Participant: 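Quick one: this structure, given as structure tokens, is what I'll be asking you about.
None of the values given here were measured: they were computed from a predicted structure.
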Number of protein chains: 2
Amino acid sequence: MTTGIAITRRTDQQQASRIAIFANGQTIYADGEKCDWAYRIAFGAVSLYRVLACGRRQIVSFHLAGEWFGIEQGRRRQFTAEAIGPTGILCANLAADQCPALLPAVLDALWSAREHQLVISRQSSHERVAAFLLEISERTQDKRRFDLPMPRADIADYLGLTIESVSRAVTRLKCSNAIRLVGPRGIEILDRDRLRSFCD
Amino acid sequence: MTTGIAITRRTDQQQASRIAIFANGQTIYADGEKCDWAYRIAFGAVSLYRVLACGRRQIVSFHLAGEWFGIEQGRRRQFTAEAIGPTGILCANLAADQCPALLPAVLDALWSAREHQLVISRQSSHERVAAFLLEISERTQDKRRFDLPMPRADIADYLGLTIESVSRAVTRLKCSNAIRLVGPRGIEILDRDRLRSFCD
DNA sequence: CGTATTATTGAAAGCTGTCAAAGCTCGTGG
DNA sequence: CCACGAGCTTTGACAGCTTTCAATAATACG
């Protein structure tokens, strides 16, 4: 988030063939910047967010290893992109003709964004957290046992809840034996159908 | 957002294509169908929604005259598209090489979807309704005085609220002299800054 | 091993949802 | 032209859920 980091950041990105490494909390690009590059995650995770005038931070999407983000041709950055934990990032030129993978990636992003709209627009805290765990599960290697890359605060800002509500929902899912917790970050899905039954 | 110039240009190119007319409430395509075409609205309005297992209907986007919708290459339809009032629709082939306007349209849709995420994820009912009125205002001809194409139920399903909450919020905006109502559908923005101050 | 950070739990307040009823619009038909 | 009625909108009261505020517990890290 500091200016000093931002300066070195740009320099690293110019070497487009290499992987740029970002530390936890480091900004990859900021809200309002020019859109020079698209990005793909080699390892780690990234959150896209905006801090609203009232001080609330809303995360609009998480991106995990192998996924694209930052495709925003011909505009200023709509959100800030920030690394969650140590994260390796590949840069690609934004010109569509040089990268035919862009359109499918944008269609995927639109698909995901709209599915997420369904989750956050009306559902209860338990439904949202259950849907979130299933979503992350589907996007990781081991779909039964995985570690959440982000803290509760990030989950809360993504689901439109408070940290406390997320915590209470997790506890409730745990008590219903749908999941098991392995420390605060470790999640084991014990009963996927039951977890799914919490959604909508 | 598609510009007026872009609309005219496309229309000239596609004079051969027919306009399909849909009545109020008529389905243009349904959730789960094959994605054969992309669509552009000549006049009227369209809502994209899904009915969840619990019976709730969530509208993920509204589309007004001149706007694209239904670009979902290589998948089944994610949502149902329905006409709001009498609506004229132009069909276009989904192949990207035949229509270079598709990528910008998808980027616009992603942009809008994520802005909408900010509105529905956390904001109060007043904030949501104020943001909604400003959004529609920006997308219509007369930005100060316009008619909402959709009933309260559609607004509620779009904002993740109930009809009653939408009504209460509109009343509150009216009482604060930010807007004036001209019948249930007619909106006149009296104080845009005040209306904006309700958002976040 | 101690401390700072993060997560959980508890109690009360506030806001939206639900249920119920009344008011308003507008098209239809007398 | 007016009265009627169906549908939509507004308003009210209460319950339920999430937020807020506060404190405790667990974890991570030096």
Participant: Would you say the side chain of B/Arg168 lies within less than 4.5 Å of the side chain of B/Thr171, judging by non-hydrogen atoms?
Facilitator: no
Participant: Take A/Val166 and B/Ala153, find for each the nucleotide of DNA chain D with the closest heavy atom, and name the residue whose nucleotide sits nearer the 5' end.
Facilitator: B/Ala153
Participant: Quick check on ring pair (Phe, Tyr, Trp, His ring centres under 6.0 Å): which of B/Tyr49, B/Tyr39, B/Phe62, B/Phe79 does B/Phe69 satisfy it with?
Facilitator: B/Tyr39
Participant: DNA chain D: A/Gly160 or A/Gly183, which has the more 5' nearest nucleotide?
Facilitator: A/Gly160
Participant: Rounded to whole angstroms, how far apart are CG on A/Leu148 and C1' on D/dA28?
Facilitator: 17 Å
Participant: Looking at C/dG17, I'd like to know if its phosphate oxygens (OP1 or OP2) sit under 4.0 Å from a side-chain N or O belonging to B/Thr162.
Facilitator: yes
Participant: Send over the distance from B/Arg185 CZ to C/dT25 P, rounded to a whole Å.
Facilitator: 14 Å
Participant: Rounded to whole Å, please give me the gap between CD in B/Glu164 and P in C/dC15.
Facilitator: 18 Å
Participant: Specify the separation, in whole Å, of atom CG of A/Asn24 and atom C1' of D/dC29.
Facilitator: 14 Å
Participant: Going by modelled atom types, is there a donor-acceptor pair between the base of D/dG12 and the side chain of B/Arg168 at under 3.5 Å?
Facilitator: yes
Participant: Please identify which of these residues, A/Glu115, A/Arg114, A/Arg122, A/His116, meets the side-chain contact (heavy atoms from CB on, under 4.5 Å) condition with A/Leu118.
Facilitator: A/Glu115
Participant: Rounded to whole angstrom units, what separation is found between the CG atom of A/Leu161 and the C1' atom of C/dT16?
Facilitator: 15 Å
Participant: Look at A/Arg152 together with A/Glu164 and state whether they make a salt bridge at an N to O cut-off of under 4.0 Å.
Facilitator: no
Participant: Please state how far atom CD in B/Gln123 lies from atom C1' in D/dT18, giving the value in whole angstrom units.
Facilitator: 17 Å
Participant: Give the nucleotide from the list C/dT18, D/dA22, D/dT9 with an atom nearest to the side chain of B/Ser167.
Facilitator: D/dT9
